[in-house]
Amino acid sequence: MQILCIMLSDIAQIRLVSSHPEVYDPCDDSFALVDALLADRANLLEHHPSICLEIGCGSGYVITSLALLLGKEASGAHYMATDINPHAVGVTRETLEAHGCHAELVNTDIALGLEKRLARSVDVIVVNPPYVPTPEEEVGCFGITSSWAGGENGRSVIDKILPVADKLLSEKGWLYLLTLTANNPLEICLLMRKKGYASRIILQRSTEEESLHIIKFWRDLDTLLEVKESMVLNKTDNRTVTESLPFPSFSVWRNLSRNFN
Amino acid sequence: MRLLTHNMLSSNIKGVTNGFPLLIEAEKVVEKAVDFNEDFLKNMFAKIEWKALVDASKTMGYAELPDNVESSMLDSDEFLQKFHHALLELHLEEGALVCPETGRKFPVSKGIPNMLLHEDEV
Ligand SMILES: C[S@@+](CC[C@H](N)C(=O)[O-])C[C@H]1O[C@@H](n2cnc3c(N)ncnc32)[C@H](O)[C@@H]1O
């Protein structure tokens with residue numbers, strides 16, 4: 001019985017997750033992201049993160065689950081979360097409190113206000129972004145619309161988050177990003193590859209409505225060198241970087257195959 | 001909001017060149033006990049702007065931090081306890097963070113700072 005309780009307490013409990021009409025309730029995407037974090041738990045513990053940040057925390061289901069699943073074994077971890085929706089950070093606070101957890105919350109656009117001082121300091125970033133393809137006007141609207149509206153290909157907010165994540169991640173930092181097939185995840189991996197990140201799809205899940213991927217990114221010296229080399233090559237033979245990179249990118253497949261070994 | 005977060009926030013208003021540190025207007029301060037973790041403190045020490053932390057904790061009613069520090073002080077348990085208390089246990093529940101250059105106030109309510117900018121500030 002006791003063992004069962006400990007296992008159940010590993011992630012946030014739905015009945016303790018607070019809600020609000022203007023805030024995104026935990027859904028298939030939220031569950032997929034938490035499942036991916038659970039599956040990667042042993043690596044996360046070994047990673048000894050100091051600062052973990054969720055961008056777009058909504059109900060708080062994910063950041064609370066992260067704090068719970070790392071638990072006492074990651075006692076040196078400090079949690080932070082942001083959301084553009086003021087109701088969402090309020091609901092996240094309630095969800096955290098109901099589980100006896102703490103995360104520092106900031107009501108802001110992505111990580112505005114934190115970017116300067118938190119640069120190169122975050123060891124784990126977790127994002128379930130607004131990813132649904134919508135008309136551009138709907139992006140960043142206040143309230144519940146901002147929880148899904150992703151603009152063209154659902155990429156508007158994702159494409160703003162990526163450079164911020166690059167700035168905030170520490171040398172050893174990891175980014176977990178949830179995407180939809182319509183977001184073109186391989187192109188996202190390629191974009192990050194140009195910034196020196198290797199990537200791996202750590203979870204793939206198809207629901208009735210959508211096919212979700214959780215991609216993990218990390219800085220990788222080999223990737224960085226490959227990119228630099230290809231840039232040097234490009235200078236001499238006048239092609240663009242994109243043309244010279246195989247698509248899907250090598251390191252994606254290399255890491256995928258590593259994953260299967 | 002912990003003072004660690006305060007130490008990581010700056011004003012991002014268009015045209016502002018030095019938005020750090022934000023001044024604190026404290027209406028309600030609460031203290032919450034947090035497990036002491038030496039490794040975390042040692043990790044964070046290098047990232048903290050010390051003067052900003054000293055001034056912020058004074059505004060919050062805690063004046064025990066030394067004005068000047070050096071890394072050798074991390075060997076002292078007494079120092080670490082004070083650092084821990086100031087960084088993690090003092091919370092600004094209600095009040096505001098004020099941009100040092102423009103005086104613009106970022107409200108803090110229920111412990112959550114609102115750093116969103118108006119359209120003309122971006
Ligand atoms: C798909 S929901 C995910 C909510 C929660 N993390 C989960 O997994 O259940 C996306 C969240 O991102 C927030 N969001 C949208 N645009 C944002 C932005 N520019 N900065 C910060 N948060 C944003 C929304 O308000 C919403 O809470």
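Below, read A as the first sequence line, B as the second, and so on, with proteins coming before strands; counting in each chain starts at 1.
Both the backbone and the side chain of A:Ile84 come within less than 4.5 Å of a heavy atom of chain B. The contact between B:Phe20 and chain A is made entirely by side chain atoms (from C-beta outward), counting heavy-atom distances below 4.5 Å. For a residue to count as touching a neighbouring chain, one of its non-hydrogen atoms must lie under 4.5 Å from one of that chain's; by this rule B:Leu88 touches chain A with the side chain only. In this structure, chain A has a heavy atom under 4.5 Å from the backbone of B:Ile48, while its side chain stays farther away. Heavy atoms of A:His102 lying under 4.5 Å from chain B belong exclusively to its side chain.
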Could you walk me through whether A:Glu97 and B:Lys110 pass salt bridge (charged side-chain N to carboxylate O under 4.0 Å, His left out), step by step?
CA-CA 12 Å; A:Glu97 273 174 6; B:Lys110 294 190 175 162; over 6 Å; no
Walk me through whether A:Arg117 and B:Leu9 qualify under side-chain contact (heavy atoms from CB on, under 4.5 Å).
CA-CA 7 Å; A:Arg117 293 274 303 128; B:Leu9 282 173; over 6 Å; no
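Atom CG of B:Asp120 has more than 12 neighbouring heavy atoms from other residues, nucleotides or ligands inside a 6.0 Å radius. Counting heavy atoms of neighbouring residues, nucleotides and ligands inside a 6.0 Å radius, atom NZ of B:Lys28 does not exceed 12 of them. Heavy atoms from other residues, nucleotides or ligands lying under 6.0 Å from CD of A:Glu136 number more than 12. Other residues, nucleotides and ligands contribute over 12 non-hydrogen atoms within 6.0 Å of the NZ atom of B:Lys82.
Each of A:Asn85, A:Val106, A:Asp109 was scored for a side chain to side chain contact (heavy atoms under 4.5 Å, CB included) with B:Leu116, with one residue passing: A:Asp109.
Options B:Asn43, B:Asn37, B:Val34 differ in how many heavy-atom pairs under 4.5 Å they form with chain A, and the most are formed by B:Asn37. The residue among B:Asp35, B:Leu4, B:Leu117, B:Val108 with the most heavy atom pairs within less than 4.5 Å of chain A is B:Leu4.
In this structure, OG on A:Ser75 lies 11.5 Å from CD on B:Glu38, to the nearest 0.5 angstrom. Of the inter-residue distances, the one linking A:Thr108 atom OG1 with B:Phe106 atom CZ reads 8.5 Å to the nearest 0.5 angstrom. The CG atom of A:Asn107 sits 9.5 Å away from atom OG of B:Ser109, with the distance rounded to the nearest 0.5 Å. Rounded to the nearest 0.5 angstrom, B:Asn12 CG and A:Glu115 CD are separated by 6.5 Å. In this structure, NE2 on A:His78 lies 8.5 Å from CE on B:Met8, to the nearest 0.5 angstrom. With values rounded to the nearest 0.5 angstrom, A:Ser50 atom OG is found 13.0 Å from B:Lys42 atom NZ.
Of the charged side-chain nitrogens involved, none lies within less than 4.0 Å of a carboxylate oxygen, so that A:Lys116 and B:Glu49 do not count as a salt-bridged pair.
For B:His91 against A:Glu104, the heavy-atom pair with the smallest separation is CE1-OE2, 4.1 Å. Taking each heavy atom of A:Leu105 and B:Ile112 in turn, the nearest pair found is O-CG2, 3.7 Å. Between A:Leu112 and B:Met115, the closest heavy-atom pair is O-CB, 4.0 Å.
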